[in-house]
Every structure is written in structure tokens, then in C-alpha cells.
Amino acid sequence: MDPSEEFALQRPHLPARVTVYEVGPRDGLQNEEEALSVDVRVEYVDRLTEAGLPAIEVGSFVSPKAIPQLADTGEVFARIHRASGTRYPALVPNLVGLERAMAAGVREIAVFTAASETFNRHNINAGVDESIERFRPVVQRAREEKIRVRGYVSTAFGCPYEGPVSPDAVREVVHKLLDLPVDEISIGDTIGVATPAGVYDVVETLYDSGVTRGVLALHFHDTRGTGLANVYAGLECGITTYDSSAGGLGGCPYAPGAAGNLATEDLIYLLEGLGIETGVSLRKVVDASRFLARAVGRRPPGRYLAAVWGTDDVIGGQQ
Ligand code: HMG
Ligand code: MG
């Protein structure tokens with residue numbers, strides 16, 4: 001066969017539309033040395049809303065000793081301008097967190113566990129099964145209140161303490177979360193070690209065990225520069241929700257060596273180039289990142305942001 005024909009036949013069928021789930025105000029800011037003021041956090045979220053993002057994780061209701069940077073999340077929720085087309089989830093680790101979230105008018109929460117025991121103990125002071133039991137009353141109460149629930153599975157591709165993690169370990173915890181039940185599961189590459197082959201392995205294992213693609217989201221940290229390649233692998237698998245952080249800030253204080261999340265600008269640039277709709281204004285995400293850069297006193301690490309940094313242009317993006 002003519003090689004060009006073979007190439008044409010191999011072009012994959014990719015989704016027409018993708019949900020970009022913005023985690024900058026939570027995953028991004030939890031890893032900053034200094035806590036930002038409530039004023040700055042509110043303006044950051046409002047600018048991300050302006051950009052048309054369909055979901056913005058505003059913060060977390062965890063122990064202020066664990067993550068002092070996000071201690072005032074309730075106050076941030078009280079002051080943001082919510083748009084009807086945007087969801088505003090927050091992380092909740094236990095019933096105390098759920099009560100605080102509900103008092104702040106939160107309509108979507110995320111519980112979070114991991115595919116490896118040691119990371120989970122460092123992060124939330126519980127083993128994996130123990131964390132699932134802790135979430136049971138949280139999810140039950142949330143569902144009574146018609147609050148949507150996402151479940152995170154951290155260290156799905158590797159653990160900073162235990163090394164490689166098997167797809168079977170991911171499958172086990174995913175099914176425990178689905179049994180709670182949660183509405184969506186975000187598969188987290190907490191320390192940014194995944195490559196496309198690992199994405200195929202994990203997603204295939206999940207599909208083979210009956211998980212449907214509509215409940216899955218992918219959450220990549222871009223520590224080793226494989227974030228976008230991993231998204232592309234996810235697209236080939238038909239997954240339509242991707243987590244990212246404006247400017248590429250982020251990391252988990254309990255995951256040594258983790259760098260920022262995949263940058264929202266880089267993700268949108270890739271998706272636009274592939275003709276995949278997001279409904280998000282790349283230019284306005286850049287504006288939000290520029291605002292945050294002034295607040296933190298440095299340019300966040302995203303590649304697209306670096307490319308347009310010294311200019312007024314957003315080259316190649318839709319306005
Ligand atoms: P613990 O010490 O086992 O909990 O921590 P505890 O129930 O014994 O409580 C200890 C203290 O915290 C008590 O206060 C509680 O009142 C308080 P004290 O009596 O010492 O003054 N407390 C709370 N305060 C406010 N809100 C609460 C709350 N709960 C307890 N909800 C706990 C267990 C889970 C609370 C703690 O370990 C914790 O908060 N961990 C959160 C860690 C975290 O937020 N990590 C980052 C997010 S996960 C992530 O980034 C990964 C992700 O991005 C995906 C990926 O990349 O893989 C999602
Ligand atoms: Mg993360």
C-alpha cells in the first residue's frame with residue numbers, strides 16, 4: 001500500500017468537544033509558598049469565569065494545617081461571581097469539609113484518594129480502603145443534597161514513595177469509588193510520570209472492567225513534558241474531560257518532585273488545533289494567568305504563556 005494512504009487510514013477519530021476542568025485556583029494555589037489574599041483569589045476565579053471555562057475548582061475544605069494556602073475557601077466562594085454555564089467544585093476530605101462546603105453554597109464536591117497506600121497516608125492520613133469508608137457518609141449526604149460528586153484517584157501512574165503503580169491498582173480503587181457512587185472519576189498523574197503507553201494501559205484496563213468513558217476525566221501534571229502527549233492518547237481513547245491549570249501552576253505539597261499541572265493554555269491550543277471545541281477563550285485564560293503572574297511575582301511555567309509573554313498577541317488562538 002502507498003504509505004500516504006496508510007497514514008490517512010490511521011488518522012484517529014477524536015471527540016468533537018472537550019470539557020476543560022480548570023484546577024488553577026485549587027491545585028495551582030495549594031502549591032504556592034505564600035497564601036494569596038482572598039481578593040486575589042476571587043479576581044482570579046472571576047477572570048477564569050470570564051474565559052468561559054465550564055468548570056473551575058475554586059479551592060478546598062481541608063484542614064488548614066494541611067493546606068494553609070486555601071484556608072479561606074469559604075470566603076472566596078462567598079465573593080465570586082458565578083456564571084450559569086460554569087460549575088464551581090471544591091475538594092472535600094471528610095464530613096467536616098462537606099459541612100463547610102455546604103455552608104459556602106457549594107454544589108459540586110470532589111473526594112480524593114489514591115492508587116497507592118503510602119501517598120494516601122501522607123496526603124490524607126488514611127489508607128485507601130479507610131478513605132473510601134470515610135467518603136461513604138460524605139457522598140451519601142452530598143447525594144441527599146443533590147450535590148454532584150467527583151472522585152480523584154491520585155498516583156495512578158506512579159507514586160513518589162512506592163514507584164510504579166499497576167493499572168489493576170487503579171481499577172480497584174476506581175470501582176470502589178463508583179460503588180459509593182461518585183458521578184465522575186479523575187485519574188491523576190500526581191507526579192507527572194505518565195506516557196501515552198501508560199494512558200492506554202490504564203484506560204484499557206478500566207474499559208475492560210466495564211467503566212464507561214463518560215465518567216472518566218484525566219488529570220496530568222507536566223513534570224516530564226508528557227502532559228499534552230498524554231492528553232492526545234486520552235483523546236484517542238475517547239475521553240472528553242481534561243483537568244488543567246491556567247499558566248501551569250500546581251502540584252501537591254505531599255507529592256515531592258511534582259511540578260505544575262498541564263497548562264490550560266497549552267491544552268486549549270492543542271484542542272483548537274485539532275478542531276475540538278472547548279467554548280473557552282484562550283486569550284482570556286492568558287489574561288487570567290497574567291493577572292496571577294503579577295500576584296505571585298513570576299511567570300507561571302506554561303509553554304503557550306511563555307510564547308506570548310512579551311507580546312499583546314495570542315498567536316494562533318481563537319479570540
Ligand atoms: P487528620 O489529622 O487525620 O484529621 O487529617 P483529623 O480528623 O484528626 O483532624 C485533625 C485536625 O484538622 C483537627 O483540628 C480537625 O478539626 C481539623 P485540631 O483539633 O488539630 O485543631 N480538620 C479540619 N479542619 C477544617 N476542615 C476540615 C477538617 N478536617 C479535619 N475538612 C485530613 C486528615 C484529611 C483532614 C488532612 O490530612 C487533610 O486535610 N489533608 C488534605 C491534603 C490535601 O488537601 N492535599 C492536596 C489535595 S490532593 C491533590 O492535590 C491531588 C489531586 O490534584 C489529584 C492528583 O494530582 O493526583 C486532587
Ligand atoms: Mg493534582
Side-chain angles (χ1 to χ4, degrees), residues 21-32 35 55 57-74 89-104 106 109-116 119-128 130-135 137-138 141-142 149-161 165 169-170 173-174 177 182 184-194 202 217-223 227 230 241-245 248-264:
Y21 181 105
E22 171 64 48
V23 296
R26 195 277 303 169
D27 209 336
L29 300 191
Q30 77 182 12
N31 210 38
E32 285 299 303
E57 212 167 68
V58 172
S60 59
F61 293 93
V62 300
S63 160
K65 286 182 195 143
I67 308 281
Q69 297 90 333
L70 301 183
D72 296 326
T73 292
L91 253 57
V92 160
N94 52 22
L95 274 171
V96 175
L98 179 63
E99 292 297 336
R100 290 177 57 210
M102 280 168 35
V106 173
I109 62 164
V111 295
F112 50 109
T113 185
S116 64
F119 171 76
N120 218 35
R121 287 196 183 282
H122 278 90
N123 196 36
I124 56 172
N125 196 25
V128 175
E130 194 183 347
S131 69
I132 298 287
E133 290 316 309
R134 199 183 273 173
F135 299 153
V138 175
R141 181 80 210 283
V149 185
R150 161 182 262 224
Y152 276 105
V153 176
S154 286
T155 61
F157 301 90
C159 170
Y161 307 101
V165 169
V170 180
V173 65
V174 162
L177 283 167
V182 299
E184 175 178 80
I185 296 200
S186 178
I187 305 293
D189 183 16
T190 317
I191 53 171
V193 288
V202 167
L218 295 174
H219 176 110
F220 296 117
H221 285 256
D222 205 14
T223 318
N230 293 336
T241 301
Y242 295 87
D243 302 355
S244 62
S245 156
L249 289 179
C252 175
Y254 299 95
N261 291 82
L262 174 63
T264 304

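Counting starts at 1 for both ligands and their atoms, in listed order.
- Which of T190, I124, I67 comes nearest to atom 33 (C) of ligand 1 through a heavy atom is settled by distance: it is I124.
- Between Q30 and I67 the shortest side-chain heavy-atom distance falls below 4.5 Å.
- Only the side chain of D27 comes within 4.0 Å of ligand 1, counting heavy atoms alone; its backbone N, CA, C and O stay farther away.
- Atoms of ligand 1 found under 4.0 Å from any heavy atom of H221 (numbered from 1 in listed order, with element): 56 (O).
- Judged by the 6.0 Å distance and 45° axis criteria, R150 is positioned over the aromatic ring of Y21.
- At least one side-chain heavy atom of F157 sits under 4.5 Å from a side-chain heavy atom of I187.
- Residue contacts with ligand 1, taken as heavy atom pairs separated by less than 4.0 Å, involve L91 solely via side-chain atoms from C-beta onward.
- Taking every heavy atom of both residues into account, N94 and R134 meet most closely at CB-CD, 4.3 Å.
- The side-chain tip of R26 points at the ring of Y152 from less than 6.0 angstrom away and within 45° of straight on.
- Distance screen at 4.0 Å: atom 16 (O) of ligand 1 has no protein heavy-atom neighbour inside the cut-off.
- In terms of protein heavy atoms, atom 55 (C) of ligand 1 is closest to S154 OG, 3.4 Å.
- The heavy-atom pair separating C159 from F119 by the smallest distance is SG-CB, 3.9 Å.
- Across the listed options N123, D243, L98, V138, N123 owns the non-hydrogen atom lying nearest to atom 37 (O) of ligand 1.
- Interface atoms of ligand 1 facing P64, defined by a heavy-atom separation under 4.0 Å, are 24 (N), 25 (C).
- The side-chain heavy atoms of N31 and P253, taken from C-beta on, include a pair separated by under 4.5 Å.
- N123 places a side-chain heavy atom less than 4.5 Å from the side chain of F112.
- Geometrically, ligand 1 and V62 share a nitrogen or oxygen pair separated by less than 3.5 Å.
- Protein heavy atom closest to atom 23 (C) of ligand 1, with residue, atom name and distance, is S63 CA, 3.8 Å.
- Around atom 21 (O) of ligand 1, the closest heavy atom drawn from K65, R26, E130, R134 belongs to K65.
- Within ligand 1, counting atoms from 1 as listed, the ones closer than 4.0 Å to a heavy atom of N125 are 1 (P), 2 (O), 3 (O).
- At a cut-off of 2.8 Å, H221 coordinates the Mg ion (ligand 2) through an N, O or S atom.
- Atoms of ligand 1 found under 4.0 Å from any heavy atom of G97 (numbered from 1 in listed order, with element): 31 (N).
- T155 places a side-chain heavy atom less than 4.5 Å from the side chain of P160.
- Contact detail for A115 and V170: the closest heavy-atom pair is CB-CG2, 4.1 Å.
- At least one N/O/S atom of D27, whether from backbone or side chain, sits less than 2.8 Å from the Mg ion (ligand 2).
- Between F61 and V106 the shortest side-chain heavy-atom distance falls below 4.5 Å.
- Screening L91, L29, D243 for a side-chain contact (heavy atoms from CB on, under 4.5 Å) with V23, the sole residue that qualifies is D243.
- Proximity of atom 45 (N) of ligand 1 to the protein is indicated by at least one non-hydrogen atom lying closer than 4.0 angstrom.
- Among all heavy-atom pairs drawn from K65 and P68, the shortest one is O-CD, 3.9 Å.
- When side chains are defined from C-beta on, L177 counts as touching V111, because their heavy atoms get closer than 4.5 Å.
- Within the 4.0 Å cut-off (strictly below), no protein heavy atom is located near atom 13 (C) of ligand 1.
- Nearest to atom 7 (O) of ligand 1 among the protein's heavy atoms is N94 ND2, 4.7 Å.
- In V23, neither the side chain nor the backbone holds a heavy atom less than 4.0 Å from any atom of ligand 1.
- Between the side chains of S245 and D27, no donor N or O sits under 3.5 Å from an acceptor N or O.
- The shortest distance between side-chain heavy atoms of V62 and L70 does not fall below 4.5 Å.
- For atom 9 (O) of ligand 1, the nearest protein heavy atom lies 4.0 Å or farther away.
- Of the protein's heavy atoms, at least one falls inside 4.0 Å of atom 57 (O) of ligand 1.
- Atom 51 (C) of ligand 1 is approached by the protein to below 4.0 angstrom, counting heavy atoms only.
- Closest to atom 25 (C) of ligand 1 among all protein heavy atoms lies R100 NH1, 3.2 Å.
- If you look at A66 next to ligand 1, the close heavy atoms, those under 4.0 Å, all belong to the side chain.
- Atom numbering of ligand 1 starts at 1 in the shown order; those under 4.0 Å from a heavy atom of F61 are 26 (N), 27 (C), 31 (N).
- Distances between N or O atoms of H219 and those of ligand 1 include at least one value under 3.5 Å.
- Of the candidates E57, R150, Q30, the one placing a heavy atom closest to atom 47 (C) of ligand 1 is Q30.
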